[in-house]
Student: 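One structure is given below, represented as structure tokens, and several questions about it will come after.
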Amino acid sequence: MADWKSALAALGATSDNVEESEKKDVERKKREGVVYSTDADFDYSEDSQEGQNTLPKNQQKLRLYMERAGRGGKTVTIVKFFTGSDEDMLTLCKLLKQKCGVGGSVKDGEIIIQGDHRQRLIEILKKEGYTQTK
């Protein structure tokens, strides 16, 4: 059995071209929403959604809700309407979980804290500078 690179070189292609075309295929598969373009000069560029600026703490209008439905009877407190990057939301979630001593997560743009901690979270958020919290 011959080496595949030498066999490919004999056909006139190089392994660099193969690796480059494989990279293009992987990049092409990551694209969503573009089916086909007839423009010969079309260059696909991704819109940067991660560059979303985080509002200052005193301008955030956070709202806290207690929810039990659809969670197997478990009570959770949900913090909604955070405006900012995912990284900042994860940082805030981590802070709230540590201060309450419970678990939680970030899902669909909402911070979910296990248990009914609305009053405690309002106090924590106001101390942190989120003045418009209800």
Student: Ignoring hydrogens and angles, state whether a donor on the side chain of S85 or D88 is under 3.5 Å from an acceptor on the partner side chain.
Tutor: yes

Student: Answer yes when E123 and K127 have at least one side-chain N-carboxylate O distance shorter than 4.0 Å, and no when they do not.
Tutor: no

Student: Between I122 and I78, is there a shared hydrophobic cluster once you connect ILVMFWY residues whose side-chain heavy atoms come closer than 4.5 Å?
Tutor: no

Student: Within the supplied structure, the quantity of interest is the number of heavy atoms (other residues, nucleotides, ligands) at a distance under 6.0 Å from K80 NZ; does it exceed 12?
Tutor: yes

Student: Side-chain contact, heavy-atom cut-off 4.5 Å: C100 with I124?
Tutor: yes

Student: Decide yes or no for I112 and V106: does some side-chain heavy atom of the first lie under 4.5 Å from some side-chain heavy atom of the second?
Tutor: no

Student: Parallel, tilted or perpendicular: which one describes the rings of F81 and Y65, with boundaries at 30° and 60°?
Tutor: perpendicular

Student: How many angstroms lie between CG in L90 and CG in L95, if you round to the nearest 0.5 Å?
Tutor: 12.5 Å

Student: Do L92 and L125 have side chains that approach each other closer than 4.5 Å (heavy atoms only, starting at C-beta)?
Tutor: yes

Student: Should V76 and I113 be regarded as members of a common hydrophobic cluster, given that ILVMFWY residues are connected when their side-chain heavy atoms come within less than 4.5 Å of each other, either directly or indirectly?
Tutor: no

Student: Has the side chain of Q132 got a donor or acceptor atom that lies under 3.5 Å from a matching backbone atom of L62?
Tutor: no

Student: Inspect the surroundings of NZ in K99 and state if more than 12 heavy atoms from other residues, nucleotides or ligands are less than 6.0 Å away.
Tutor: no

Student: Looking only at heavy atoms, which two atoms of C93 and G104 are closest? And how far apart?
Tutor: SG-C, 4.5 Å

Student: Side chain to side chain contact (heavy atoms under 4.5 Å, CB included) with R68: which residues, sequence neighbours excluded?
Tutor: M66, T75

Student: Between T77 and G115 (side chain of the first, backbone of the second, donor and acceptor by atom type, cut-off under 3.5 Å), is there such a pair?
Tutor: yes

